[in-house]
Trainee: 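One structure, pasted below without further comment.
Quick note: residue numbers are just sequence positions, from 1.
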Amino acid sequence: MSDDNDPSFAKVAMGVFKIIDAPVTLFREKFVIPNQEKSTHKWYHRRFRRVPSFDECDVDDPICMYEAEEQYRRDKLVDNQILKILRQRKIECLAWEGPDASRKCKKVSEDYETSATNWFIKYGDIGASATGIDTYMKQKHRLIWERRKAEREEA
């Protein structure tokens, strides 16, 4: 006679299961679930309010300048991570698709190239130790250059 069909074996196995499961279930129902319901706050995100940028700060307002610099650093970190994720998606798509990658990964590659170009326009050629003011000045000089270039083309 096999042990699978024996009703006494099933009763003993269920008894052992209940002995092990009962304290765990009791602890979860009495302590874990009530404590989870009290705290609905998510710990994995922190939202910072947007602060004025450098062009909105007074020259003699060091607190505004500091906040703008911190905002710049956070924005740069976010932009770097976005670019890193897009680069990884492109690499994975190219590896996965193989010979069909030029056709099937076109959108992923275009997204990465567009983001990389935009990142370089904003942060490129200013160095690793650049501040928000350096980036702001780069943007200002680029806009002046584009305006002068358009004026020359019209003339």
Trainee: Please say yes or no: joined through hydrophobic side-chain contacts below 4.5 Å, possibly via intermediate residues, are Val51 and Tyr136 part of one cluster?
Mentor: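 No; tracing contacts between hydrophobic side chains, which count when under 4.5 Å, never links both residues.
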
Trainee: Would Glu153 and Arg148 satisfy side-chain contact (heavy atoms from CB on, under 4.5 Å), going step by step from the backbone distance to the final call?
Mentor: CA-CA 9 Å; Glu153 290 175 359; Arg148 288 184 181 163; over 6 Å; no

Trainee: Give, for atom CG of Leu86 and atom CD of Gln88, the distance between the pair rounded to the nearest 0.5 Å.
Mentor: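 Leu86 CG to Gln88 CD: 11.0 Å, rounded to 0.5 Å.
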
Trainee: For residues 14-32, dump all side-chain donor-acceptor pairs below 3.5 Å to protein atoms at least two apart in sequence or in another chain.
Mentor:
residue, atom, partner, partner atom, Å
Asp21, OD1, Thr25, OG1, 3.3
Asp21, OD2, Thr25, OG1, 3.1
Thr25, OG1, Asp21, O, 3.0

Trainee: Tell me whether Glu69 is salt-bridged to Arg73, with the criterion being a basic N under 4.0 Å from an acidic carboxylate O.
Mentor: yes

Trainee: Under a 4.0 Å threshold between the charged nitrogen and the carboxylate oxygen, would Lys138 count as salt-bridged to Asp134?
Mentor: no

Trainee: For the pair Tyr72 and Thr135, evaluate side chain to side chain donor-acceptor pair (under 3.5 Å) and give the outcome as yes or no after the intermediate values.
Mentor: CA-CA 9 Å; Tyr72 162 77; Thr135 305; 3.0 Å; yes

Trainee: Could you tell me which non-hydrogen atom of Ala68 sits nearest to which non-hydrogen atom of Pro52, and how far apart they are?
Mentor: CB-O, 3.5 Å

Trainee: Walk me through it: do Asp55 and Lys140 pass the test side-chain contact (heavy atoms from CB on, under 4.5 Å)?
Mentor: CA-CA 10 Å; Asp55 59 335; Lys140 183 187 79 158; over 6 Å; no

Trainee: With a 4.0 Å cut-off, would you call Arg103 and Glu97 a salt bridge?
Mentor: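 Here Arg103 does not pair with Glu97 in a salt bridge, since their nearest N and O are not under 4.0 Å apart.
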
Trainee: Are the charged groups of Asp100 and Lys106 less than 4.0 angstrom apart, N to O?
Mentor: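 Salt bridge: no.
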
Trainee: Under a 3.5 Å cutoff, is there a donor and acceptor pairing between the side chains of Arg142 and Gln139?
Mentor: no

Trainee: Less than 4.0 Å between a side-chain N and a carboxylate O, is that true for Arg89 and Glu92?
Mentor: no

Trainee: Would a single hydrophobic cluster contain both Val108 and Trp96, if residues Ile, Leu, Val, Met, Phe, Trp and Tyr are joined by side-chain heavy-atom contacts under 4.5 Å?
Mentor: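 Trp96 does not cluster with Val108.
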
Trainee: Just verifying a value: how many Å separate Gln71 CD and Cys64 SG, rounded to the nearest 0.5 Å?
Mentor: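 Reported to 0.5 Å precision, the distance equals 11.0 Å.
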
Trainee: To the nearest 0.5 Å, tell me how far Asn118 CG sits from Leu83 CG.
Mentor: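 The CG atom of Leu83 is 10.0 Å from CG of Asn118, to the nearest 0.5 Å.
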
Trainee: With salt bridge (Lys or Arg N to Asp or Glu O under 4.0 Å) as the criterion, how do Asp79 and Lys84 come out once you've worked through the C-alpha distance, each side chain's angles and the decisive distance to 0.1 Å?
Mentor: CA-CA 9 Å; Asp79 290 343; Lys84 183 179 176 182; over 6 Å; no

Trainee: Once rounded to the nearest 0.5 Å, what's the spacing between atom CD1 of Ile133 and atom SG of Cys57?
Mentor: 8.5 Å

Trainee: Grouping I, L, V, M, F, W and Y whenever their side-chain heavy atoms are under 4.5 Å apart, do Leu94 and Tyr112 come out in a common cluster?
Mentor: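 No, separate clusters.
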
Trainee: I'd like to check the side chain to side chain donor-acceptor pair (under 3.5 Å) partners of Ser115; sequence neighbours left out, ordered by chain and number.
Mentor: none

Trainee: Going through the distances and angles, do Glu56 and Ser53 end up as a side-chain contact (heavy atoms from CB on, under 4.5 Å)?
Mentor: CA-CA 5 Å; Glu56 298 168 350; Ser53 59; 3.9 Å; yes

Trainee: State the CD-CG distance between Glu70 and Asp75, to the nearest 0.5 angstrom.
Mentor: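 One gets 11.0 Å once the value is rounded to the nearest 0.5 Å.
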
Trainee: Quick check: is Trp119 connected to Ile82 through a chain of hydrophobic side chains (ILVMFWY, heavy atoms under 4.5 Å apart)?
Mentor: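 Both belong to a single hydrophobic cluster.
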
Trainee: Please lay out, stage by stage, how Glu113 and Arg87 fare under the test salt bridge (Lys or Arg N to Asp or Glu O under 4.0 Å).
Mentor: CA-CA 9 Å; Glu113 294 302 326; Arg87 183 182 309 118; over 6 Å; no

